[in-house]
Protein chains: 2
Amino acid sequence: MNIYDISNKAGVSIATVSRVINGNTNVSPKTREKVMAIIDEYGYTPNAFARGLGLNSMNTVGILCADSSDPYLARAIYLLERDLRGNGYDSILCCTGYHVKTKQKYLNLVLSTKRVDAVILVGSNFVEVQDEKNQYIRDVAKNVPIMIINGAMDGENIYSVLCDDFRAVYDVTKALIRCGQSNILYLYNSLSYSGLKKVAGYRAAFEDEHLMVKEDYIQYFEGNIIEVKNHLLKLSNKGFDFNAIITSDDNLAIGALKYAKEKGIKIPTELSIIGYNNSMITECCEPELTSIDNKLETVCKNCVSSLMSVFAGDDVPLKTVFSADLVKRGTTFL
Amino acid sequence: MNIYDISNKAGVSIATVSRVINGNTNVSPKTREKVMAIIDEYGYTPNAFARGLGLNSMNTVGILCADSSDPYLARAIYLLERDLRGNGYDSILCCTGYHVKTKQKYLNLVLSTKRVDAVILVGSNFVEVQDEKNQYIRDVAKNVPIMIINGAMDGENIYSVLCDDFRAVYDVTKALIRCGQSNILYLYNSLSYSGLKKVAGYRAAFEDEHLMVKEDYIQYFEGNIIEVKNHLLKLSNKGFDFNAIITSDDNLAIGALKYAKEKGIKIPTELSIIGYNNSMITECCEPELTSIDNKLETVCKNCVSSLMSVFAGDDVPLKTVFSADLVKRGTTFL
DNA sequence: TTGTATGCGTTATCAT
DNA sequence: ATGATAACGCATACAA
């Protein structure tokens with residue numbers, strides 16, 4: 001059943017059928033009704049491929065992320081897909097892993113097939129510190145608009161939507177210092193755009209309070225919950241003394257919690273812990289985890305609506321920054 | 001840059017270019033090389049829409065799930081996307097929510113656009129108990145193969161891959177009973193295919209041990225972690241006496257854990273808790289949660305490879321059932 | 001081995 | 001308001 005069949009049965013030309021389908025106004029009400037009746041009767045739906053060929057678009061956007069099973073990214077994908085679908089766009093998912101090489105490969109793959117109208121990069125890990133490594137993204141942006149969530153990058157046709165991670169960590173670090181807890185361990189596992197912003201926030205808070213930044217209190221560590229716990233045990237045994245831990249990620253904070261449990265350290269009396277992302281696991285532990293909420297829903301909503309504006313040819317800010325919130329739970333006195 | 005441009009520059013016909021692109025053997029090595037050189041030089045990639053129009057396929061499958069931000073479903077999606085891409089297929093994600101009406105709407109939407117080569121339904125909640133409500137799935141299966149993960153349904157062109165949830169709960173219930181813990185609360189939040197299988201396993205274990213099934217120990221409850229906790233507190237205050245809780249879901253089990261914490265009940269000494277899915281949150285709590293692992297990775301792998309067989313026209317089992325594993329952690333003595 | 005011609009099902013342009 | 005027809009870019013049957 002194609003447009004010719006319908007046009008035959010309705011006794012009109014395919015052009016008229018096409019006009020009816022696409023809501024073109026230049027059709028008499030009578031004709032429209034007649035055609036619609038036939039369409040309904042035979043349950044005709046236009047062939048998406050043919051339409052794609054003609055319009056050079058199938059209303060599809062590519063969502064790229066390192067690992068969609070990460071709960072935080074999974075939520076972002078959920079929110080994006082929902083809003084995109086609400087605007088009539090399908091989402092093609094593509095998990096790239098964390099290596100630049102594979103990211104590049106998949107971005108080019110998704111694009112080279114030239115079937116997506118835009119690409120959304122979810123997670124600041126898509127923005128490399130060495131800017132020349134981001135060139136491949138700029139290349140792709142010559143063809144389709146690129147939206148970056150939680151990271152920022154300059155470039156034509158590249159739009160960034162994110163939270164002010166620097167400020168968030170800065171504020172929380174300062175607050176802890178002012179509570180007298182200046183032995184603050186900063187634990188992070190990402191050297192991405194936002195990962196580095198967070199560290200910078202930590203440093204700046206100390207500097208603004210005229211305190212020395214102890215470099216060995218800034219710990220980069222990759223590993224699962226158990227490994228984080230063991231790492232902290234090791235640090236503690238080495239004589240490290242800390243009364244607060246800020247992490248770049250809720251998972252790390254869970255590891256810190258496990259460490260405290262194992263050492264019999266009371267929380268938050270003897271140790272404050274602050275996570276990042278305000279993910280669902282903040283409510284799975286005991287006590288529940290204080291965490292920085294970087295407003296994922298707001299960011300995703302804005303991303304999609306901005307993208308729609310880009311499609312519409314409207315002016316869209318290259319960079320949109322929201323502020324984060326501290327969600328206070330049981331692991332701090334704040 | 002299209003196939004005509006390439007054919008001109010290479011001094012051959014478009015048919016030859018097409019043959020080169022598609023790896024057809026009937027091309028002389030010399031010609032192939034010449035054409036490839038031009039293709040590389042101009043960075044030509046075939047237009048996916050045009051190709052889709054001719055072949056009536058763009059190598060895309062639709063992945064439908066109720067809520068991709070659910071960590072368990074998110075992991076399934078991750079695994080499926082990975083394996084599909086490994087086979088050259090893109091994944092279109094579509095979150096349907098939990099209502100039959102919207103599921104039907106989205107399934108028809110994804111299909112009516114006729115752009116997917118198959119549909120994977122992730123989660124047993126797609127299979128309704130009242131079989132007539134599943135008719136819409138059978139209707140869609142007339143057009144494209146349907147794969148169901150974690151649920152099973154009869155029907156032409158419908159393939160189910162799942163774990164034996166009945167057996168898993170049966171075994172674990174029996175084990176608890178034989179440890180003398182026969183006051184077992186069964187807590188569940190899903191009336192789906194697998195949800196009911198699990199309950200049936202619980203019942204069967206009691207019957208096979210010649211014990212009465214206490215109906216009020218089978219509790220259906222929907223709600224978040226806190227609500228589950230409060231529900232259990234209420235039950236306890238009403239005089240319910242239980243020394244073990246089996247849940248249909250890890251989240252419910254976390255609620256049970258919180259309940260125990262609040263009441264000062266020792267785990268596992270005074271209360272055993274067993275979750276389901278072996279999701280990552282099993283490792284976020286204290287003590288860590290014993291949980292039934294329904295082999296998601298195995299199931300997803302099998303699903304994709306079965307789908308490829310379906311595409312190839314090979315014989316594929318309509319139903320593939322794996323056995324589940326109990327992963328023992330800190331909330332049981334088992 | 002290579003080329004010609006046609007079909008795939010739309011949308012859009014131009015007449016009428 | 002409606003119709004005829006040309007793109008859109010590829011795959012492929014058939015011819016050579």
Side-chain angles (χ1 to χ4, degrees), chain A residues 1-39 42-60 88 90 111-117 143-144 311, chain B residues 1-39 42-60 88 90 111-117 143-144 311:
Chain A
M1 184 66 53
N2 59 31
I3 203 169
Y4 287 96
D5 299 326
I6 299 297
S7 74
N8 278 335
K9 294 185 195 301
V12 298
S13 73
I14 61 162
T16 300
V17 176
S18 179
R19 278 190 274 263
V20 169
I21 292 166
N22 295 292
N24 190 308
T25 47
N26 289 334
V27 182
S28 77
K30 210 168 53 186
T31 314
R32 156 162 288 115
E33 225 169 302
K34 186 172 56 184
V35 173
M36 282 305 292
I38 301 288
I39 288 178
Y42 292 89
Y44 161 77
T45 54
N47 179 302
F49 301 133
R51 192 169 223 173
L53 182 57
L55 300 174
N56 199 33
S57 157
M58 273 176 66
N59 280 23
T60 309
D90 281 340
L111 183 83
S112 77
T113 61
K114 266 271 189 64
R115 30 182 313 188
V116 295
D117 298 329
N143 296 293
V144 295
F311 287 153
Chain B
M1 185 67 51
N2 59 30
I3 202 170
Y4 290 96
D5 298 325
I6 299 297
S7 77
N8 278 335
K9 293 186 198 300
V12 297
S13 73
I14 63 162
T16 299
V17 176
S18 179
R19 278 191 274 263
V20 169
I21 291 166
N22 295 293
N24 191 309
T25 48
N26 291 333
V27 182
S28 77
K30 211 168 53 187
T31 316
R32 157 163 285 114
E33 225 168 302
K34 187 171 58 183
V35 173
M36 281 306 292
I38 302 287
I39 287 178
Y42 292 91
Y44 162 76
T45 53
N47 180 302
F49 300 134
R51 194 171 222 172
L53 181 56
L55 301 175
N56 200 32
S57 158
M58 273 175 66
N59 281 20
T60 311
D90 281 340
L111 182 82
S112 77
T113 63
K114 265 270 188 67
R115 40 178 309 187
V116 294
D117 299 329
N143 296 291
V144 295
F311 287 153

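Letters A, B, ... are given to chains in the order of the sequence lines, protein chains preceding strands, and every chain is numbered from 1.
Straight-line distance from the CG atom of Asn8(B) to the P atom of dT4(C): 11 Å, rounded to whole Å. The nearest whole Å value for the distance from the CG atom in Asn24(A) to the C1' atom in dT10(C) is 15 Å. Atom CE of Met1(B) and atom P of dG9(D) are 12 Å apart (whole Å). Here dG7(C) presents its C1' atom at 20 Å from CZ of Phe49(B), a figure rounded to the nearest Å. Here the C1' atom of nucleotide dT10(C) and the CG atom of Asn22(A) are 9 Å apart, to the nearest Å. Across the protein-nucleic acid pair, Ile6(B) atom CD1 and dC10(D) atom C1' stand 13 Å apart, rounded to whole Å. Look at CD1 on Ile3(A): it is 19 Å from P on dC8(D), rounded to the nearest Å. Distance, Arg115(A) CZ to dC10(D) C1': 15 Å, rounded to whole Å.
Contact between the side-chain N/O atoms of Asn56(A) and the OP1/OP2 oxygens of dC8(D) is not found at any separation under 4.0 Å. Put simply, Tyr4(A) has no side-chain N or O that comes within less than 4.0 Å of OP1 or OP2 on dG3(D). OP1 or OP2 of dT2(D) has at least one side-chain nitrogen or oxygen of Thr31(A) nearer than 4.0 Å. The phosphate of dA11(D) (OP1 or OP2) has a side-chain N or O of Ser18(B) nearer than 4.0 angstrom. Phosphate proximity of dA11(D) to Arg19(B): absent, as no side-chain N or O sits under 4.0 Å from OP1 or OP2. Remark: Asn2(A) is not in phosphate contact with dC8(C), judged by side-chain N or O atoms under 4.0 Å from OP1 or OP2.
The local environment of CE in Met1(B) is crowded, with over 12 non-hydrogen atoms from other residues, nucleotides or ligands closer than 6.0 Å.
Nearest to the side-chain atoms of Asn47(B) among the listed nucleotides dG9(D), dT12(D), dG3(D) stands dG9(D). The side chain of Leu55(B) lies closest to dA11(D) when the candidates are dA13(D), dA11(D), dT2(D). Set against dT10(C), dA11(D), dT2(D), the side chain of Ser28(A) has dT2(D) as its closest nucleotide.
Side chain of Thr60(A) to backbone of Met58(A): a donor-acceptor contact under 3.5 angstrom is found. Side-chain atoms of Asn8(B) do not come within 3.5 Å of backbone N or O of Asp5(B) as any donor-acceptor pair. Side chain of Asn22(A) to main chain of Asn24(A): no donor-acceptor pair is present (N/O by atom type, distance under 3.5 Å, no hydrogens or angles).
Note on Leu53(B): a base of the nucleic acid sits closer than 4.0 angstrom, heavy atoms only. Residue contacts shown for Ile14(B) include a base, since a base heavy atom lies under 4.0 Å away. Using a 4.0 Å heavy-atom cutoff across all strands shown, Asn26(A) reaches at least one base atom of the nucleic acid. If you check every strand for non-hydrogen atoms under 4.0 Å, Thr16(B) touches sugar and phosphate atoms only.
When each of Ala50(B) and Ala15(B) is assigned the nucleotide of DNA chain D with its nearest heavy atom, Ala50(B) is the one assigned upstream, toward the 5' end.
The two residues Arg51(A) and Pro46(A) come nearest to each other via the heavy atoms NH1-CG, 4.0 Å.
Test Val17(A), Ile14(A), Thr16(A) against Ile6(A) for side chain to side chain contact (heavy atoms under 4.5 Å, CB included) and you get one pass: Val17(A).
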